[in-house]
Protein chains: 2
Amino acid sequence: MNSFTEENYLKAIYKLVQLSGLAVSTNAIAEKVNTSAASVTDMLKKLSDKKLIHYKKYQGVTLSSKGEKAALKIIRKHRLWEMFLVDILDFKWDEVHDIAEQLEHVNSDKLIEKIDKFLNHPIVDPHGDPIPDANGKLNNPKSHLLSFFNKNDVCIITGVVDHSTSFLQYLDKSGIALGHEIKIKDIIKFDRSLKITINKGNNVFISNDVAKNILAINK
Amino acid sequence: MNSFTEENYLKAIYKLVQLSGLAVSTNAIAEKVNTSAASVTDMLKKLSDKKLIHYKKYQGVTLSSKGEKAALKIIRKHRLWEMFLVDILDFKWDEVHDIAEQLEHVNSDKLIEKIDKFLNHPIVDPHGDPIPDANGKLNNPKSHLLSFFNKNDVCIITGVVDHSTSFLQYLDKSGIALGHEIKIKDIIKFDRSLKITINKGNNVFISNDVAKNILAINK
DNA sequence: ATATTATTTTAGACAAGTCTAAAATTTATT
DNA sequence: AATAAATTTTAGACTTGTCTAAAATAATAT
């Protein structure tokens, strides 16, 4: 088993590699895990000894397949817990990160699979990020802004860009919520506003400004 | 904030004091937290410096009010999580301890109050142990052995004494579970075995040996 | 191509929690 | 009450993860 701290380094490295596509620097990791470059170097040696990363002095780091698997497992747990906190316990989207940061280190495969089942196997978390499956596979269903979809497209709401209370309340009132199915009925050329159908039921109009703050994936 | 390790020591001391009513020995703590007596002494100094315990060399330990409050908070979290695991995620009574042992250290007052609310403010956990309230008060609704009730008494199952898998499986099979209402229909003089009605439904016979391992509170 | 600057690594130290072995203290035995 | 046995504490060391300051390496600028 990897320690709490090791897990945080692996997660940080995974995210930085994802972002840049390149080997990541000691400094970048130091900033991400909020520590000194010297401490990072120490830890990199340790992770390298454990074959969790590919590391050559001064040359940056990438994850080994073993390391990536470990990172994806933590990310899976993080995102499922976030989902649980928002969907089941009614936390706001912006309150859950720090708590999930702790819960992600709880070690029980059975627990996380039960949470997954309880949540009905969600594929994206409340921020629209995809949830790796139990085998650590990321079936990257990339979220797009709702404004990028075309007429007659059907998609699932996966998240928002603007997390402000006023925006979330507006969405609530309009019946737009995470996991709902949206069909683009029409796109008004004049102002790029949308006529959409929610869950095969109500038709609603939303402005382009709103559409640019909603994330969704193709169904 | 107290560390993970400090929390475990406080919890151990609390339980040992509860059990004996006396100051607890270094050795007893060492056994409980599975470490050496020397390590315990080191930690006792630290907890004493933090005013969490009353400690005189060679004289044993009790919790200060500050320490007791901290211990009760951890115990509250532990028992609520156990309740959650059993009631919501369908874990068996005997599977939840190790997981709750980890979850109890997650630090978020808001989280634990939401779990409490979600569970509808339970007063006993799946093992029949009382759950301290949000202020760390233990409103001890005293449980009694089922063998102590009288004919025609009605009570609610709150826990078990024997936590073995075989016993819990026997209870499952007999339809006896936490929170169920039991009416004592008859007490057989010869062997003190009981005829009981479960949830106003099935009648079941249980031996005195079984009744002595079930806890319940008067309804 | 060399000097300057920025980044990364090493060296040595510290805090938390642990250990074993030895010393101090308490408890039990005769 | 003196000795033996058990318990507890101290001393010194180890591990993990951290730090600062200095040295090594790489990147940038002239």
Quiz item: How is A:Phe4 classified with respect to the nucleic acid when contacts are heavy atoms under 4.0 Å: base, sugar-phosphate, or nothing?
Solution: nothing
Quiz item: Would you say A:Thr41 reaches C:dT10's phosphate, i.e. side-chain N/O to OP1/OP2 under 4.0 Å?
Solution: no
Quiz item: Rounded to whole angstrom units, what separation is found between the CD atom of A:Glu31 and the C1' atom of C:dT7?
Solution: 14 Å
Quiz item: Where does the angle between the aromatic ring planes of A:Phe84 and A:Phe118 fall among parallel (under 30°), tilted (30 to 60°) and perpendicular (over 60°)?
Solution: tilted
Exercise. Look at A:Ser3 and D:dT16 and indicate whether a side-chain polar atom (N or O) is within less than 4.0 Å of OP1 or OP2.
Key: no
Exercise. Take the protein atom CG of B:Asp42 and the nucleotide atom P of D:dT10, then report the distance between them rounded to whole Å.
Key: 9 Å
Practice problem: Round to the nearest Å and state the distance from A:Lys56 atom NZ to D:dT25 atom P. | Solution: 16 Å
Quiz item: Between A:Asn27 and C:dT8, is there a side-chain N or O to OP1/OP2 distance below 4.0 Å?
Solution: yes
Quiz prompt | Matching residue for A:Ile156 among A:Ile123, A:Ile182, A:Ile217 - test: side-chain contact (heavy atoms from CB on, under 4.5 Å) | solution = A:Ile217
Quiz item: Does a side-chain N or O from A:Ser36 land closer than 4.0 Å to OP1 or OP2 of D:dC19, or not?
Solution: yes
Quiz item: Would B:His144 and B:Asn218 count as having a side-chain donor-acceptor pair, cut-off 3.5 Å?
Solution: no
Practice problem: Would you mind telling me which residue lines up with the more 5' stretch of DNA chain D, A:Tyr58 or A:Ala37, judged by nearest nucleotide? | Solution: A:Ala37
Exercise. Taking only the side-chain nitrogens and oxygens of A:Thr35, find out if one of them lies under 4.0 Å from OP1 or OP2 of D:dC19.
Key: yes
Quiz prompt | Nearest-Å distance for atom pair CD1/C1', residues A:Ile29 and C:dT9 | solution = 14 Å
Quiz item: B:Thr158 and B:Ser143: side-chain hydrogen bond (donor to acceptor under 3.5 Å, both in side chains), yes or no, with the steps?
Solution: CA-CA 7 Å; B:Thr158 57; B:Ser143 286; 2.7 Å; yes
Quiz item: Nearest-Å distance, CE (B:Met43) to C1' (D:dT10)?
Solution: 17 Å
Exercise. Would you kindly give the CG-to-P distance between B:Asn34 and C:dC19, to the nearest whole Å?
Key: 8 Å
Quiz item: Of all the nucleotides listed (C:dT26, C:dT9, D:dT10), which has the minimum atom distance to the side chain of B:Gln59?
Solution: C:dT26
Quiz prompt | Phosphate OP1/OP2 of D:dC19 contacted by A:Ser39 side-chain N/O (<4.0 Å) | solution = yes
Exercise. Please determine if a side-chain N or O atom of B:Lys57 lies less than 4.0 Å away from the OP1 or OP2 oxygen of D:dT10.
Key: yes
Exercise. Mind calculating the distance between CD (A:Glu6) and P (D:dT18) to the nearest angstrom?
Key: 10 Å
Quiz item: Would you say B:Lys45 reaches D:dT10's phosphate, i.e. side-chain N/O to OP1/OP2 under 4.0 Å?
Solution: yes
Practice problem: Check whether any side-chain N or O of A:Tyr55 sits under 4.0 Å from OP1 or OP2 of C:dT8, and answer yes or no. | Solution: no
Practice problem: Work out which heavy atom in A:Leu80 is nearest to a heavy atom in A:Leu119; give both atom names and the distance. | Solution: O-CD1, 3.4 Å
Quiz item: Roughly how many Å is it from CG in A:Leu44 to P in D:dT18, rounded to a whole number?
Solution: 11 Å
